[in-house]
Amino acid sequence: MMQIYRDNRDAVEGFLLTTITENPRQEFDDLQVRNFFKRLPCLSDMYLINAKGEQITPTWHRNHHDMSLKGSDRAYFINRIQFNEKGNYISNPYICANSGKPKVSVARKYPDGKIAVFDIDVVAVLSKMHLIDSNRLISKLSLGVYALLGGGLVLLALFLGVYGLVGFVKALITFGDETLQHVFKSIIGITLAIAIYDLSKTILEQEVFYRSLTVEEGTEYKTLTKFLTSIIIALSIESLMVVFKVAIDDIRNMNYAFYLISGVGILIVSMAVLNYVGRKKHEVHE
């Protein structure tokens, strides 16, 4: 997302300054504040400070205003910024301490020394300028489907995790011939729960919460590797349990255990090839 912002910085800053400087009035009343929020859907909050750095208005948000910061000292903000010849300033992107979202601050200095500060949501402004996915129907549909299915996978992971923990409790309570079987089942359940949760977390992060933003190179390989590792561990435990069962019940069925172990071996080789290809691809890009 930061790369998208840097590549289009001039266009984004021009859009923000043009919108903010449309109204030359420096006395902010409720009507003017509402107009600012109406013209800038990406505007999260705004306020006025005087030449000494004291905030002289409440902090206006889209649906309410906060009086607690009125009168607070904002001199630190004035001392570290440098206005251009038109009295405008735009900060570098930063992470807001309160919301945890990436923002930029736009400041406009008026002739009487007052300074208006506008905090802009970076994701919202990129979406407004169609630099990331817009709010088209198909995008909303895709987001809803991914959110529903990703949430379903989270619930399934929780169910398997609870199933594994219950199996472990049973192993502790019913100590006997079935103890080992309960322990194996609980380990398999918890291992699969971790694998499915990792998969669902990746889907929700990349397709719902940060949809269409630039992601780290090779993320898909890392996700698939983690998922395959969990599956291999679960199948290896299951293979070991099958070997024990066959050895106790009927040694003539050992070929089924061999098939299962062979399948695990194929998965291990496949994952090694995947990691090798992913590493080579990363080296080529570098």
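If you chain together hydrophobic residues whose side chains sit under 4.5 Å apart, Met271 and Leu192 fall into the same group. If you chain together hydrophobic residues whose side chains sit under 4.5 Å apart, Leu204 and Tyr146 fall into the same group. In the hydrophobic clustering of this structure, Ile232 does not group with Tyr197; members are Ile, Leu, Val, Met, Phe, Trp, Tyr whose side-chain heavy atoms approach within less than 4.5 Å, directly or through other members. Under the 4.5 Å side-chain contact rule for hydrophobic residues, Tyr259 and Met254 do not share a cluster.
The two atoms that bring Gly164 and Ser186 nearest to each other are O-CB, 2.8 Å, heavy atoms only. Shown here for Phe37 and Arg62, the closest heavy-atom pair between the two residues is O-NH1, 2.8 Å. Residues Ala157 and Ala193 share a closest heavy-atom pair of O-CB, 3.2 Å. Looking at every heavy atom in both residues, Gly150 comes nearest to Ser200 through O-CB, 3.6 Å. Among all heavy-atom pairs drawn from Cys42 and Leu16, the shortest one is SG-CD2, 4.4 Å.
Other residues, nucleotides and ligands place no more than 12 heavy atoms under 6.0 Å from the OH atom of Tyr256. Counting non-hydrogen atoms of other residues, nucleotides and ligands closer than 6.0 Å to OH of Tyr163 gives a total of 12 or fewer. Sparse packing is recorded around CZ of Phe159, with 12 or fewer heavy atoms of other residues, nucleotides or ligands lying under 6.0 Å away.
By the 4.5 Å heavy-atom criterion applied to side chains, Lys101 and Val123 are not counted as neighbours. Proximity of Leu260 to Val243: side-chain heavy atoms (C-beta onward) are nowhere separated by under 4.5 Å. Counting heavy atoms from C-beta on, the side chains of Ile95 and Pro102 come closer than 4.5 Å. Between Tyr89 and Val117 the shortest side-chain heavy-atom distance does not fall below 4.5 Å. Using a 4.5 Å cut-off on side-chain heavy atoms (C-beta onward), Lys114 and Ile56 make contact.
His64 and His61 have parallel rings, their planes meeting at less than 30° on a 0 to 90° scale where 60° marks the start of perpendicular. Classified by interplanar angle (parallel below 30°, tilted 30° to 60°, perpendicular above 60°), the ring pair Phe36/Phe118 is tilted.
In this structure a side-chain-to-backbone donor-acceptor pair under 3.5 Å is present from Ser91 to Ser105. In this structure, the side chain of Ser44 engages the main chain of Asp119 through a donor-acceptor pair within 3.5 Å.
For the residue pair Asn92 / Arg6, no side-chain donor-acceptor distance below 3.5 Å is found, with atom types taken as modelled.
Lys70 contributes atom NZ, which lies 9.0 Å from atom NE2 of His65 (distance to the nearest 0.5 angstrom).
Note on Asp45 versus Lys103: salt bridge recorded, some NZ/NE/NH1/NH2 to OD/OE distance being below 4.0 Å.
If you run side chain to side chain contact (heavy atoms under 4.5 Å, CB included) between Ile120 and each of Ile90, Val12, Val106, only Val106 comes through.
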Checklist entry - Ile194 and Ile190: side-chain contact (heavy atoms from CB on, under 4.5 Å), yes or no, with the steps? => result CA-CA 6 Å; Ile194 294 174; Ile190 294 174; 4.3 Å; yes

